[in-house]
Number of protein chains: 2
Amino acid sequence: MQPRRATIADVAARANVSSATVSRALAGNYPVAKDTRERIEAAVSALGYVVNAQARALAGQATRTVGIIIQEIVDPFYAFVARGVEQEAAVTGRLCLVCCTHGDPRQELAFIDLLHEQRADAVILVGGAISDKRHAGEIMARGASLRQHGGLLIHCGRATPSADIAAVEYDNEGGAFAATDHLITNGHTRILYLGGPRRMSTSADRLAGYKRALSSRNLPFDPDLVRLGAFGQPFGHTGMLEALDAGLDFTAVFAANDSTAIGAYAALSSRGLRVPEDISMVGYDDIPAARLLKPELTTVHVPLEEMGRQAVRLAAAHADGYGGGDIRLGTHLVLRDSVSAPRRKKR
Amino acid sequence: MQPRRATIADVAARANVSSATVSRALAGNYPVAKDTRERIEAAVSALGYVVNAQARALAGQATRTVGIIIQEIVDPFYAFVARGVEQEAAVTGRLCLVCCTHGDPRQELAFIDLLHEQRADAVILVGGAISDKRHAGEIMARGASLRQHGGLLIHCGRATPSADIAAVEYDNEGGAFAATDHLITNGHTRILYLGGPRRMSTSADRLAGYKRALSSRNLPFDPDLVRLGAFGQPFGHTGMLEALDAGLDFTAVFAANDSTAIGAYAALSSRGLRVPEDISMVGYDDIPAARLLKPELTTVHVPLEEMGRQAVRLAAAHADGYGGGDIRLGTHLVLRDSVSAPRRKKR
DNA sequence: CCGAATTCAGTAAGCGCTTGCTATCGGTTG
DNA sequence: CAACCGATAGCAAGCGCTTACTGAATTCGG
């Protein structure tokens with residue numbers, strides 16, 4: 001049906017040279033006489049020739065491809081990391097494959113395999129993982145296999161269980177510490193920790209920071225003030241409502257991430273409670289929506305894009321044979337308007 | 001350095017069969033004795049064999065890949081389309097390459113070429129384009145080339161200038177008409193049209209809907225009430241401020257998209273004006289942030305994800321030889337809280 | 001004016017996988 | 001009992017491109 005796609009041989013024939021010469025003229029990595037080059041270029045455009053990346057890759061060139069595996073492309077947390085990856089990939093002349101697991105760990109494994117088959121220079125795994133021994137084992141095996149074959153598995157903001165897996169981390173626990181400490185500094189002593197899945201490293205680290213802040217100020221840790229469930233608006237809403245209905249005594253809430261805070265805001269407002277007059281709140285991640293909230297949300301900034309960029313740099317370094325070590329980026333609290341001193345004489 | 005990557009030949013040797021048999025056992029599209037299959041599977045895992053997608057593609061298999069070209073991955077408008085594409089791609093067993101142009105038309109062309117080289121089944125171009133004859137010509141040429149080679153260029157929410165380019169559109173003008181009409185129904189006669197780049201089809205269509213609504217109600221069109229500039233929060237903010245400072249007489253604003261509306265909200269609030277008591281507002285796109293605003297934004301819903309899905313279906317149909325026609329989806333107004341009747345005796 | 005360096009082009013051997021065709025073998029038929 | 005058949009397996013020809021090697025001009029130092 002379609003006219004057979006032009007190959008390098010067709011171009012060569014039309015330009016009266018050998019295919020080797022065409023290849024070299026196209027790659028530009030070998031001297032080719034100007035006259036010859038022009039004839040080749042003419043033939044290329046006359047034929048509408050488009051090189052076949054597959055064939056090129058097969059014949060020994062690197063694929064110049066990185067894969068990124070995230071949960072959700074519309075979730076700003078992942079989107080920003082992806083943007084960093086995409087940016088840096090473009091800068092280093094690579095293509096970027098984006099895969100979304102929608103939270104399914106098996107998908108995660110399947111995508112790693114897929115990207116391995118695609119001979120991606122690196123596959124970047126973003127975000128916390130459920131803490132599951134078996135799954136971690138599967139991941140490790142793939143990390144080893146990838147590395148053995150010249151590729152690289154990179155964890156981005158996820159605990160790294162193996163030397164075969166590179167990592168770009170951020171100071172998750174430290175951010176949580178800072179956030180909690182800020183609340184304490186403002187006079188809060190009863191702080192609700194709201195949201196985040198139970199068995200996920202990201203959650204666990206944030207909770208750890210919260211606890212450490214409490215204890216470093218000699219405040220008691222009250223397990224009742226920890227309401228775990230999930231990241232995200234829905235849980236933020238219901239979780240907040242439940243905390244309120246349970247008659248818990250608290251003057252501030254540390255939301256496990258900004259989305260959770262958004263849900264919590266709504267819940268509070270539906271009960272006629274104001275932020276920060278009645279309840280102070282801090283979030284985590286510093287997604288753009290944090291500034292859309294009224295009052296604007298005080299939250300912990302995570303260098304999402306930069307993490308993505310660093311991951312690709314790691315990949316590039318690895319591909320070039322430099323063995324860069326793991327990377328750890330800082331987080332910091334962004335002060336906005338959702339925190340104030342607790343009301344006197346609460347009740 | 002690394003142990004040479006195992007090939008199908010290695011597996012074949014270890015399993016005492018020919019590479020053809022291994023290939024067939026792996027593909028599962030040809031009878032292979034159970035015993036043989038098992039030996040092959042054992043060899044595969046013993047060797048840690050991973051098929052080479054490049055070689056497979058070269059040897060005649062389709063690449064099962066779609067490419068999507070968007071401006072910005074963190075912009076919800078694009079992210080939702082991308083999500084639809086990604087979802088449907090996953091369902092049909094395809095890989096999805098995401099490329100971001102950051103608004104540079106040359107990047108757009110470069111990415112089309114890149115994806116063509118990758119032999120993507122389809123390349124999906126999302127969002128309005130600047131209206132530039134020359135650029136449109138370049139795109140058309142690539143659309144033709146792609147189609148000639150068995151691929152397909154698909155425009156998603158962008159005017160389609162050529163029969164070689166497939167399209168998934170949405171009723172952009174109709175949505176704008178509905179939004180404006182809604183404002184008029186609520187008693188507004190002086191409506192500010194705010195935002196959107198000058199020479200972009202998306203902008204133009206929305207403005208056209210605005211004008212048609214006006215004229216269908218016999219209201220005069222006042223060019224002063226049209227403030228074009230760009231999509232996005234920054235312009236929404238400055239544009240709104242300028243309109244206010246110019247002493248323009250209006251009681252409602254139709255923001256070219258939700259981001260613009262977000263900026264406009266902020267500008268209004270910084271001048272002590274309330275929505276909708278002082279000024280009513282409608283947006284366009286219905287991104288999640290529209291519900292984060294207070295009051296929640298009345299806006300036009302665009303079936304972003306569905307557009308992405310449809311685009312991939314179109315691609316799949318094309319790859320299978322069915323020539324599906326272009327697709328056009330509807331839009332509808334989502335009523336929330338940002339519109340009310342204009343204040344009596346304005347001044 | 002000669003051997004050596006330099007420039008440019010061609011030959012051909014793969015890269016790893018799929019697949020059309022052929023070959024083998026233990027039954028089936030009529 | 002011979003012609004056949006279905007189920008399996010192997011052979012070998014590519015898919016389109018890169019890249020050692022080689023070879024032939026051309027240029028250049030001395």
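Only this structure's heavy atoms are used, side chains among them; waters, hydrogens and symmetry mates stay out. Below, read A as the first sequence line, B as the second, and so on, with proteins coming before strands; counting in each chain starts at 1.
- Using a cutoff of 4.0 Å between basic side-chain nitrogens and carboxylate oxygens, B:R134 and B:D132 are not scored as salt-bridged.
- The ring pair (Phe, Tyr, Trp, His ring centres under 6.0 Å) pairs that include a residue from residues 85-144 of chain A are A:H116-A:H149, where partners are two or more places apart or lie in different chains.
- Between the CG atom in A:L115 and the OG1 atom in A:T63 there is a gap of 10.0 Å [rounded to 0.5 Å].
- Sorted by first and then second residue, the salt bridge (charged side-chain N to carboxylate O under 4.0 Å, His left out) pairs involving residues 84-96 of chain A (not counting sequence neighbours) are A:E88-A:R313, A:R94-A:D121.
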Please table the atom pairs, donor to acceptor, closer than 3.5 Å between any side-chain atom in residues 29-41 of chain A and protein atoms at least two apart or in another chain.
{"unit_1": "A:R37", "atom_1": "NH2", "unit_2": "A:V32", "atom_2": "O", "d": "3.0"}
{"unit_1": "A:R39", "atom_1": "NH1", "unit_2": "A:A15", "atom_2": "O", "d": "2.4"}

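- Against DNA chain D, the stretch residues 18-33 of chain B makes heavy-atom approaches under 4.0 Å through B:S18, B:A20, B:T21, B:R24, B:Y30, B:P31, B:V32, B:A33.
- By the side-chain contact (heavy atoms from CB on, under 4.5 Å) test, B:A20 is found to be paired with B:S18, B:R24, residues two or more places apart in sequence or in another chain being considered.
- Applying the salt bridge (charged side-chain N to carboxylate O under 4.0 Å, His left out) rule to pairs touching residues 42-64 of chain A yields nothing, sequence neighbours excluded.
- Fit an axis to the five pairs at each end of the helix from C:dC1-D:dG30 to C:dG30-D:dC1 and the two axes sit 30° apart, to the nearest 10 degrees.
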Step by step, would you call A:L97 with B:L95 a side-chain contact (heavy atoms from CB on, under 4.5 Å)? CA-CA 8 Å; A:L97 304 210; B:L95 206 48; 3.2 Å; yes
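- Applying the side-chain contact (heavy atoms from CB on, under 4.5 Å) test to A:D75 and every residue at least two apart in sequence or in another chain returns A:E72, A:F77, A:Y78.
- For B:R142, the side-chain contact (heavy atoms from CB on, under 4.5 Å) partners two or more places apart in sequence, or in a different chain, are B:L109, B:I112, B:D113, B:E138.
- Residues passing the side-chain contact (heavy atoms from CB on, under 4.5 Å) test with B:T160, sequence neighbours excluded: B:H155, B:I165, B:A167.
- Residues of residues 47-54 of chain A having a heavy atom closer than 4.0 Å to DNA chain D, listed by number: A:Y49, A:V51, A:N52.
- Think of the region where chain A sits on DNA chain D: with heavy atoms and a 4.0 Å cut, that region ends 5' and 3' at D:dG16 to D:dA20.
- Neither side chain, A:R119 nor B:Q54, offers a donor N or O lying under 3.5 Å from an acceptor on the other.
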